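The model shown is predicted, which means the values in this text are computed figures rather than measured ones. All values below were derived from every heavy atom in this structure, side-chain atoms included, with hydrogens, water molecules and symmetry-related copies excluded. We name chains A, B, ... by the order of the sequence lines, and we start the count at 1 in each one.
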2 protein chains.
Amino acid sequence: MKRRVTLKDVARYAGVATGTVSMVMNNSPLVAAATRERVLRVIRERGYVYHRAAAQLRKKRTDIVGVSTCDLVNPYFAEVAAGVEQILEEQGRALVLGNARESTVRQARFLATLREYNVEGALVMPAIGTTRAAIEEVISWHIPLVMVTRYVPGVFCDYVGNDNRLGSVLATRHLLDLGHRRIAFIGYNRRTSTGRDRFAGYRAALAGAGVALAAELVVECAASRQAGFDAVTRLFAASRPPSAIVCFNDLLAFGAMLGLQHRGVAIGGECSVVGADDIAESALWTPALTTVAVDAEGIGRAAAHVLWQRLEDPGRSPTRQTLTPKLVVRTSSGTAPRPRLKGRTA
Amino acid sequence: MKRRVTLKDVARYAGVATGTVSMVMNNSPLVAAATRERVLRVIRERGYVYHRAAAQLRKKRTDIVGVSTCDLVNPYFAEVAAGVEQILEEQGRALVLGNARESTVRQARFLATLREYNVEGALVMPAIGTTRAAIEEVISWHIPLVMVTRYVPGVFCDYVGNDNRLGSVLATRHLLDLGHRRIAFIGYNRRTSTGRDRFAGYRAALAGAGVALAAELVVECAASRQAGFDAVTRLFAASRPPSAIVCFNDLLAFGAMLGLQHRGVAIGGECSVVGADDIAESALWTPALTTVAVDAEGIGRAAAHVLWQRLEDPGRSPTRQTLTPKLVVRTSSGTAPRPRLKGRTA
DNA sequence: CCGGCAATTTGAACCGATTCAAAATGCCCG
DNA sequence: CGGGCATTTTGAATCGGTTCAAATTGCCGG
């Protein structure tokens, strides 16, 4: 077992002091070009490998960033993570990944671990149920934290996400413009900021058009295909079903469309459906889903960028950055059907 | 700025030697229970935080594992990564993530970085075009490496993946059993082991049934929905279209089904379609897709487990572990249509 | 009361980089 | 030729744990 080549060895072979080699490794402009060349040649010849842990002991920088995902199996969060990775890679920082799987316990455990690794900062997609205290604890450790995609109310720190409220406004307004008045909202979840904001946009758009919000048209449920199917079943079992549905996300919309097809309701005709996220399948469904496109990778990239800014200038006040979603109109939404004028003609 | 609480401080406050505190931190059975309690109390009271980089300097273990994904945006690989994360988390190891996005350059750069972090091992999903030399270089650094999902031929190291050959055999045999004889294969890609193995299974199943492989029924193309659509267009433009299609994966199958619907070909009747992977959408399509289910998370978990075994016993000979996929029959596949007996009746 | 053995505890050297005050070197100008 | 200044280089102290040979403590049987 050969001993590892250390910086000291390099210094000896190159005939310089350890400090000089260190400066070469850190691209210091103070070393003379000729010296730098000589040192670099020795490094190459001897196969020297920089030892980051040793460096970290004295230097304060670690070039490590922690990333906590709430659910990596969900393609949306995986895309956000991919965006984050892209920027961190460009910055030459390493990414330590944790997947909370929507468990605040796992999330807390991961964040505590990050502390032992002396990460420079953390990008957190808060798991459902994350408390203000949990986030503030991390900040109290002096680890710069950026909330991504979801935020925890009342926490004073950076946030990058989608403008979910606007997204729902666009979706709902689109339906209102098509003449719809009985518009349902399915997938309301008050436990995440995304859930609350998307609902708030729906509510605001209705109010803006002078349409009263009908409690029986709001369905609180999970964000799965099955839940969408069930929600439609429930809505259409009632006396006055909606003529359009705003869905919390595309998965729910798919379930809803299946439910409508199952009942023989014409999608885009008798009942319109709008989703959110614009995942890959949305364009391929029959009918193609009208949805609010969210740039998940862009959010990840922006979040990594915001963390970088904070590291550059720790004093700056927290930013709250939202990317603007845009409505993609396809065939699952159409003009409102004429109301059947029951009895009125009599 | 308060100075950080070090192990030495803990030792002083607890009235013991640094060595003792170190042993407590490492759960050594040598410290007396009473001493351990006292030290732990001081640690809690003073808010001591273990400094892994410092520990690493002397200890050889790092508890860090590198994970290189070939494409994190692909839900399949994201699932594998999630499986890996789950096991590493249980083992108390940190996961440093890299996303090669199918670039061998990015992959190589990431693997080189891992060396500087002194990772205990690496789990690599080789990017398209990964050479034997690239993998062997990592091994030459004495970093235990496990290839996941894809393998590079000729490399003598651990591998965990799906039995793709078997999967295609199951799919093809299923179609043969339904009476099909003109069976196409779309999405052949000879640049990944998955591509080669899935094609090999198709070829073997045909041979086993005494059916000649028709070159015009094999389409080499990307693994996207669009490619599936285009492949069908091509196959059905020819004189004798297939009565069934084995697709490299589900995405391709969706594209193919859209293509068939577009041409007015009855899926499961006039032409059957079988996919592979069984992603979430597959069960929801109309018709529901018959496919070969692959346990992506299971593969990730198994891979992390294999790495653990190798760390426990570096001397063991490399394993080559494949999980068994299983056929999920749904409605996109049906009995072969009667051949139209052109002219024969005359 | 003592020798012997097992169970604990000690603490100084060490891991491999970074730091920075001080020294060395080179160059220009009077 | 020497002083002054800018450019490079030096190297010992330091970061915060781990190690392990050696010392200490406790207990038991004789």
Pairing of [X] and [Y] as salt bridge, 4.0 angstrom limit:
X         : Y        : value
Glu120(B) : Arg93(B) : yes
Arg3(A)   : Asp9(A)  : yes
Arg41(B)  : Glu45(B) : yes

Using a 4.0 Å cut-off to any heavy atom of chain A, which nucleotides of DNA chain D are the first and last in contact, reading 5' to 3'? dT8(D) to dG16(D)

On a heavy-atom basis, which atom in Leu97(B) and which in Leu72(B) lie closest, and how many Å separate them? CD2-CD2, 3.9 Å

Taking every non-hydrogen atom, the tightest pair across Val96(A) and Val96(B): CG2-CG2, 4.2 Å

Taking the side chain as C-beta and beyond, is there a heavy-atom pair between Glu297(B) and Asp295(B) under 4.5 Å? yes

Contact pattern, 5' to 3', of nucleotides 5-16 of chain C - B, S or - by protein heavy atom under 4.0 Å: ---SBBBB-BBB

Those residues that, when tested against Ile139(B), pass side-chain contact (heavy atoms from CB on, under 4.5 Å) (two or more places apart): Ile135(B), Leu145(B), Val155(B), Cys157(B)

